[in-house]
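What follows is a single structure, written as structure tokens, with notes after it.
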Amino acid sequence: MSSDEKPDGRPAAPRSLAEALRARDDASLAALLRARPDLITPVPTDLTQLATRAGTRASVVRALERLDRFALQTAEALAVAGDPASYDELLGLMAGDDGDATVAAALPRAVATLREQALVWGGDDRLRLVRTARELLSPSPQHPSPTGLGPTVQEATAGMSPGRIQELVAAAGLPSTHDAVSAAAALTALFTDRERMAKLLGQAPAEAREVLSRLVWGPPYGQVTADPAAHLRWLLDRGLLLPTAPGTVVLPREVALHLRGGRAHRETEPVPPPVEPAGPTGTQQGSPQVVDATAAGQAYTALATVEELLKDWDEGGPAVLRAGGLSVRDLKRTAVALDVSEPVAAFWVELAYAAGLIASDGEADERYAATPAHDEWRERPAADRWADLAGAWLTATRTAGLVGGRDAKDRTLAALGPGLDRSVAPEVRRRVLALLAALPAGTSPDPESVLARLRWERPLRGPQQEDDLRSRLARWTLQEAELLGVTGRGALSSHGRALLGASEPHAAHDAARIQSPPDVPDTPGDKLPVHHRAAPAGAPAAGSVPPGPADPQARAAARAAAARLLAPLLPEPLDHVLLQADLTAVAPGPLQRPLADVLDVLADVESKGGATVYRFTPASVRRALDAGRSASDLHAFLAAHSRTPVPQPLAYLIDDVARRHGHLRVGAASAYVRCDDDAVLNEILADKRSTALRLRRLAPTVLAAQADPAALLEGLRALGYAPAAESAEGDVVITRADARRTPPRTPPEPVPEGPPVPDATLLAAAVRAIRAGDLASTAPRKTPGTPPAPGELPRTSPAETLATVQAAVLTGEALWIGYVNADGAASQRVIAPVRVEGGFVTAYDHTADEVRTYPLHRITGVAELADD
């Protein structure tokens with residue numbers, strides 16, 4: 001009979017968390033490491049170390065914070081139950097004396113989740129909460145239990161004198177006992193007996209019952225005076241209130257549970273609140289086609305806004321603050337340029353930064369500018385450009401909604417500045433979209449029901465806050481998804497669903513698992529009852545948020561699928577405009593890139609929307625001429641790209657500006673003005689407005705100025721002339737603005753929340769290494785003399801080590817060795833020696849599952865494995 005079996009052949013109950021983990025299969029261990037990735041950093045050497053790490057405070061706190069509300073309530077109930085507790089006792093605490101079918105149906109899933117997370121271990125007859133979790137969730141005066149329960153009678157009477165305890169026993173109508181421990185046990189038995197307790201409380205004064213009703217749901221502590229009233233004295237004399245400190249009393253846990261009808265919580269929430277639709281479905285406003293069309297319109301607007309931002313910063317954007325980020329003034333200016341509010345402008349700026357389209361140039365006078373990636377991005381199809389923006393938004397940890405707020409040091413958080421990363425942001429965004437995806441197509445959710453669902457999946461520990469971070473992130477996600485065109489009229493679009501990629505099936509599976517417990521048939525070969533089984537290894541824990549496709553190829557495939565669905569919904573770029581007699585041109589849709597670039601130089605944008613209106617002015621035409629275009633070029637361009645004839649006023653405007661353009665030449669002397677027509681120079685000198693330029697005649701056709709050429713150009717243009725700059729060789733200088741680009745920059749990396757979730761390859765390798773290390777540390781050994789303590793390496797002399805290894809080569813037996821590598825790290829291994837020569841032993845290492853060679857001088861000792 002094996003040591004881990006009972007006499008009847010059934011598996012023995014585990015005596016520790018390490019033994020419970022040892023009884024798991026590889027799939028269950030992999031599920032634990034996937035759910036709690038901090039346990040795998042670094043990989044534990046064996047299952048004992050894994051169990052120890054799973055019980056550390058930091059790891060347990062992280063695991064508790066990722067439980068859904070019902071699983072957390074189950075853990076809280078176990079913390080106030082006996083240690084160990086039976087499944088029936090736990091069910092009584094959760095469902096109460098009257099029972100609750102919904103709670104009873106959901107409890108197996110909650111227990112399975114706690115087992116999978118290694119927060120609970122043991123069979124259904126001996127459920128144990130790990131010690132650290134019990135310490136965190138158990139009630140104490142400093143940290144009240146979320147259940148509102150106080151200490152037990154045994155705990156509350158621990159410091160009470162034996163005489164006083166005997167007085168309580170007598171006042172409660174119980175026979176006296178021999179010691180304080182048995183007296184406390186007698187009171188406990190009374191308070192947990194429903195019949196006797198009801199009879200005792202039936203004798204209580206009405207005022208006493210009122211006091212108990214105020215304390216029953218917590219907090220269980222109250223204040224009393226040195227001379228309490230009669231109804232309080234009645235409660236104190238019978239132990240229904242017990243003193244904990246001078247002037248302070250507490251309601252014992254057993255009394256509170258009786259008054260609550262056995263419930264540990266006032267309200268249990270076994271089923272997550274549903275995400276309710278915002279309005280009736282099936283209407284034209286909520287049809288999937290309308291949603292997709294609306295979202296596509298928003299996507300087009302998003303692209304136009306980002307392009308406008310990049311165009312505004314094309315020649316160099318605002319300066320970088322010394323502490324990093326944009327100044328409030330620059331953000332306001334950007335908001336005015338984009339015609340949006342400042343919070344929305346911050347969102348677009350952060351989105352362009354997350355997509356790698358803008359960055360700081362790193363110069364001494366550091367400024368923001370477009371990156372080289374922007375030039376490649378703007379040449380791609382519109383749907384692909386949108387997919388890049390939406391994908392960057394979905395995975396970014398930078399949170400634009402925080403801009404304008406305060407950090408921990410009461411400093412203002414600036415756009416593009418530090419302090420905007422929130423690791424939980426991608427998880428919340430993806431979960432919100434997954435909840436929208438679970439609704440019927442075309443249905444928009446009620447925002448408050450989305451927030452309620454998120455609070456159920458990740459309940460806040462401690463005092464509830466109305467405006468917690470996750471709720472704010474969820475609200476911002478709904479707003480930003482609408483701005484970006486992921487949703488339309490509040491409902492998730494078809495291309496938004498595709499953007500979620502591989503996470504959508506997981507989200508549906510997760511919702512199904514939360515709403516109903518797994519239906520697993522019980523078979524004679526099962527080691528554990530259905531309450532005892534962990535969730536399937538590949539399924540996310542209840543309330544968990546699917547991480548989405550982690551593989552870059554999978555993310556790229558999701559973006560490509562979203563772009564394919566969006567492309568037919570976006571308007572095709574046009575190659576024409578409509579010229580009008582009032583010196584305007586109307587673009588009835590998006591324009592092709594070359595046409596849009598030329599019009600941006602030749603005309604000023606007057607209004608935007610479904611159709612863009614451009615206005616031609618003398619300044620805009622001169623700008624095109626300064627860029628190297630001739631009047632004939634402009635006439636030909638407009639004739640080729642207008643569906644209407646070129647209006648005569650526009651032709652006259654171009655010819656008039658071109659006739660005067662370059663008639664005056666400005667060069668560097670400090671500066672000079674040259675003109676073949678001396679009458680024009682006489683006119684300039686006679687104009688009083690030119691006094692500030694301090695002009696004087698050097699020759700009949702040349703004027704000199706003490707202003708620099710740029711100031712002279714601006715001054716003459718202000719006088720109504722159209723001068724052109726001249727080079728040192730006498731040629732006209734083309735003043736096309738040069739685009740400013742940063743050196744190559746990579747988009748900001750998201751800041752992960754804790755260790756990353758390991759992939760399947762790493763999980764398999766980690767489980768194999770833990771199993772092998774556990775084999776090495778637990779294998780029965782033949783050790784001469786005193787065996788080493790657990791965790792210590794075997795110690796033998798070099799001669800004994802060599803002789804034992806050489807004998808193992810001949811017999812083919814496996815050995816247990818202690819080994820110290822070149823870095824000084826010690827480990828235990830199980831090896832099967834194959835060859836010994838030259839001071840090295842070549843052996844098959846069961847721990848690494850491969851053949852390795854070890855220097856003999858690094859082996860601390862050896863031991864033969866027992867025959868078993």
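Excluded from the calculations below are hydrogen atoms, water molecules and symmetry mates; all remaining heavy atoms, backbone and side chain alike, are included.
- In this structure the side chain of Val432 reaches within 4.5 angstrom of the side chain of Thr477, judged on heavy atoms.
- Not one N or O on the side chain of Arg470 forms a donor-acceptor pair closer than 3.5 Å with the backbone of Arg458.
- Rounding to the nearest 0.5 Å places OG1 of Thr132 at 8.0 Å from CZ of Arg57.
- Proximity of a side-chain donor or acceptor of Arg429 to a complementary backbone N or O of Trp393 within less than 3.5 Å is detected.
- For the residue pair Glu482 and Thr487, a side-chain donor N or O sits within less than 3.5 Å of a side-chain acceptor on the partner.
- Dense packing is recorded around CG of Asp312, with more than 12 heavy atoms of other residues, nucleotides or ligands lying under 6.0 Å away.
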Q. Under the side-chain contact (heavy atoms from CB on, under 4.5 Å) criterion, do Leu107 and Phe70 qualify, and how do the steps go?
A. CA-CA 8 Å; Leu107 189 58; Phe70 187 65; 4.2 Å; yes
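- The minimum heavy-atom distance linking Ala106 with Pro270 is given by the pair CB-CB, 3.6 Å.
- With hydrogens and angles disregarded, a donor-acceptor distance shorter than 3.5 Å links the side chain of Arg260 to the backbone of Val216.
- From Leu114, atom CG reaches atom CG of Leu78 across 7.0 Å, with rounding to the nearest 0.5 Å.
- Panel note: side chain Arg555, backbone Gly391; no donor-acceptor pair is recorded below 3.5 Å.
- Of all the heavy atoms in Gly324 and Pro418, the pair that sits closest is O-CD, 4.1 Å.
- Across all their heavy atoms, Pro445 and Ala278 have their closest contact at O-CB, 3.5 Å.
- For the residue pair Leu499 and Ala558, the shortest heavy atom distance occurs at O-CB, 3.8 Å.
- Between atom CD of residue Glu480 and atom CG of residue Leu473 there is a gap of 9.0 Å, rounded to the nearest 0.5 Å.
- With respect to Glu457 and Arg453, a salt bridge is recorded, a charged nitrogen being found less than 4.0 Å from a carboxylate O.
- Side-chain polar atoms of Ser59 and Asp38 form a donor-acceptor pair below 3.5 angstrom.
- We find that Glu427 and Arg66 are joined by a salt bridge, their nearest charged nitrogen and carboxylate oxygen being less than 4.0 Å apart.
- Within the model, atoms OG of Ser493 and CD of Gln298 stand 11.0 Å from one another, a figure rounded to the nearest 0.5 Å.
- Looking at Glu116 and Arg36, no side-chain N of the basic residue comes within less than 4.0 Å of a carboxylate O on the acidic one, giving no salt bridge.
- Side chain of Gln117 to main chain of Ala63: no donor-acceptor pair is present (N/O by atom type, distance under 3.5 Å, no hydrogens or angles).
- Remark: Asp97 does not engage Arg263 in a salt bridge, criterion side-chain N to carboxylate O under 4.0 Å.
- Of the possible polar contacts, one joining the Ser145 side chain to the Thr147 backbone as a donor-acceptor pair under 3.5 Å is found.
- Contact between His265 and Trp217 at its shortest, heavy atoms only, is C-CZ3, 3.5 Å.
- Panel note: side chain Trp348, backbone Ala335; no donor-acceptor pair is recorded below 3.5 Å.
- At least one donor-acceptor pair closer than 3.5 Å links the side chain of Ser327 to the backbone N or O of Asp330.
- Distance CZ/Arg380 to CG/Asp388: 4.5 Å, rounded to 0.5 Å.
- A donor-acceptor pair is defined here as one N or O able to donate and one able to accept, closer than 3.5 Å; no such pair exists between the side chain of Arg489 and the backbone of Thr443.
- The structure places CG of Asp384 at 9.5 Å from CG of Leu566, a figure rounded to the nearest 0.5 Å.
- Checked for salt-bridge contact, Asp68 and Arg455 miss the test: no charged N lies under 4.0 Å from a carboxylate O.
- For the residue pair Ile358 and Tyr353, the shortest heavy atom distance occurs at O-CD1, 3.4 Å.
- A distance-only check finds a donor-acceptor pair linking the side chain of Arg422 to the backbone of Gly419 [under 3.5 Å].
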